[in-house]
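Some notes on the structure that comes next.
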Amino acid sequence: MLGFRNATNVVLRLRQNLSVWGVRAQNINIGGGVGGEIPDQKRLQYALQHIHGIGRSKAHHIVCELGVENKYVRDLSKRELYSLRELLSKYLIGNDLKKCVERDVGRLVGIQCYRGIRHVDGLPCRGQRTHTNARTRKSRPTWRGTR
């Protein structure tokens with residue numbers, strides 16, 4: 001019979017190795033108020049791009065600023081992960097960035113400026129033409145689905 005200690009060990013292993021249709025997905029939680037997980041089977045520069053708000057150039061800049069080589073995330077030491085968390089806390093990324101953008105759009109809608117009205121109407125707000133283009137912004141849900 002499985003003891004309590006063995007059962008919790010099995011549960012912890014299942015949480016770490018999530019298998020979906022035979023694909024092994026294992027992530028490392030960045031934590032520290034940053035919010036987000038990065039895959040550990042990729043190199044650091046490409047794994048950082050899985051966090052909302054970090055693209056190619058910012059990921060390259062972070063790796064250079066850390067002073068570590070671009071190795072796999074699973075090979076990072078605890079000290080390197082700690083310094084990575086400290087460095088990422090300087091940037092506006094993840095849920096904080098989403099909340100900031102949502103707040104900015106809400107402000108534009110609240111003062112009813114041109115950009116705010118375009119956001120409410122679901123139309124492009126940066127001067128693009130809408131007669132023949134902007135199909136993704138203009139598509140409205142109908143009773144059968146999208147137009």
Side-chain angles (χ1 to χ4, degrees), residues 1-128 130 133-141 145-146:
M1 209 161 141
L2 284 175
F4 179 72
R5 194 173 276 173
N6 289 335
T8 56
N9 193 14
V10 170
V11 170
L12 289 175
R13 284 187 183 174
L14 285 175
R15 281 186 193 163
Q16 288 177 348
N17 298 328
L18 178 65
S19 179
V20 179
W21 293 296
V23 177
R24 180 175 172 247
Q26 192 169 7
N27 297 326
I28 291 182
N29 190 359
I30 294 298
V34 175
E37 294 183 342
I38 56 175
D40 70 340
Q41 74 274 11
K42 294 187 177 186
R43 294 195 180 269
L44 181 60
Q45 186 171 348
Y46 301 109
L48 284 173
Q49 295 177 26
H50 285 265
I51 299 173
H52 181 75
I54 297 182
R56 289 180 182 174
S57 62
K58 193 177 281 187
H60 179 73
H61 180 73
I62 289 171
V63 170
C64 290
E65 195 171 334
L66 270 176
V68 298
E69 61 185 57
N70 191 18
K71 56 186 174 181
Y72 286 99
V73 175
R74 64 177 172 253
D75 298 334
L76 292 174
S77 66
K78 291 186 184 242
R79 180 172 288 175
E80 290 169 339
L81 283 174
Y82 179 76
S83 61
L84 177 65
R85 287 186 185 107
E86 290 292 320
L87 186 61
L88 288 178
S89 65
K90 296 178 184 176
Y91 294 101
L92 184 64
I93 54 175
N95 291 332
D96 294 336
L97 178 63
K98 290 178 186 176
K99 288 177 186 175
C100 181
V101 170
E102 197 173 302
R103 188 177 60 240
D104 292 343
V105 171
R107 182 184 61 83
L108 292 174
V109 169
I111 62 174
Q112 293 185 344
C113 67
Y114 178 77
R115 286 176 56 199
I117 293 169
R118 300 294 277 191
H119 274 289
V120 170
D121 292 340
L123 294 169
C125 58
R126 293 190 178 178
Q128 296 94 334
T130 57
N133 292 336
R135 299 285 187 219
T136 55
R137 286 293 301 220
K138 284 170 51 176
S139 66
R140 302 231 188 253
T146 57

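Every residue two or more places apart in sequence or in another chain was checked for a side chain to side chain contact (heavy atoms under 4.5 Å, CB included) with K99, and none qualifies. In this structure, the side chain to side chain contact (heavy atoms under 4.5 Å, CB included) partners of I117, at least two apart in sequence or on a different chain, are D121. A search for side chain to side chain contact (heavy atoms under 4.5 Å, CB included) contacts involving Q128 returns P124, R126, not counting sequence neighbours. Annotation: side chain to side chain donor-acceptor pair (under 3.5 Å) contacts of K42 (sequence neighbours excluded): H50. Remark: E86 pairs with no residue by the salt bridge (charged side-chain N to carboxylate O under 4.0 Å, His left out) rule, at least two apart or across chains. When the salt bridge (charged side-chain N to carboxylate O under 4.0 Å, His left out) test is applied to K71, the partners found at least two apart in sequence or on another chain are E80.
For the atom pair L76 CG and E69 CD, the distance stands at 9.5 Å (nearest 0.5 Å). Atom CZ of R135 sits about 9.5 Å away from atom OG1 of T130, to the nearest 0.5 Å. Interatomic distance, CZ of R43 versus CG of L48, reported as 13.5 Å (0.5 Å rounding). Atom-to-atom distance recorded for C125:SG and L123:CG is 9.5 Å, nearest 0.5 angstrom. To the nearest 0.5 Å, atom CD of residue E65 and atom OG of residue S83 are 10.5 Å apart. Here CD of Q41 is found 10.5 Å from CD1 of I38. Values are rounded to the nearest 0.5 Å.
Counting heavy atoms from C-beta on, the side chains of K78 and L81 never come closer than 4.5 Å. Side-chain contact between L88 and I54: present, with at least one pair of heavy atoms (C-beta onward) separated by less than 4.5 Å.
Using a distance-only test at 3.5 Å, with no hydrogens or angles considered, a donor-acceptor pair links the side chain of N70 to the main chain of L44.
Closest approach of V73 to A47, counting heavy atoms only: CG2-CB, 3.6 Å. When every heavy atom of G116 is checked against every heavy atom of V109, the shortest pair comes out as O-CG2, 3.7 Å. Of all heavy-atom pairs between I62 and L84, the closest is CG2-CD1, 4.1 Å.
At most 12 heavy atoms of other shown residues, nucleotides or ligands fall within 6.0 angstrom of atom NE2 in H60. No more than 12 heavy atoms of other residues, nucleotides or ligands shown are found within 6.0 angstrom of CZ on R115.
With Y72 as the aromatic partner, R74 meets the cation-pi criteria of under 6.0 angstrom to the ring centre and within 45 degrees of the ring axis.
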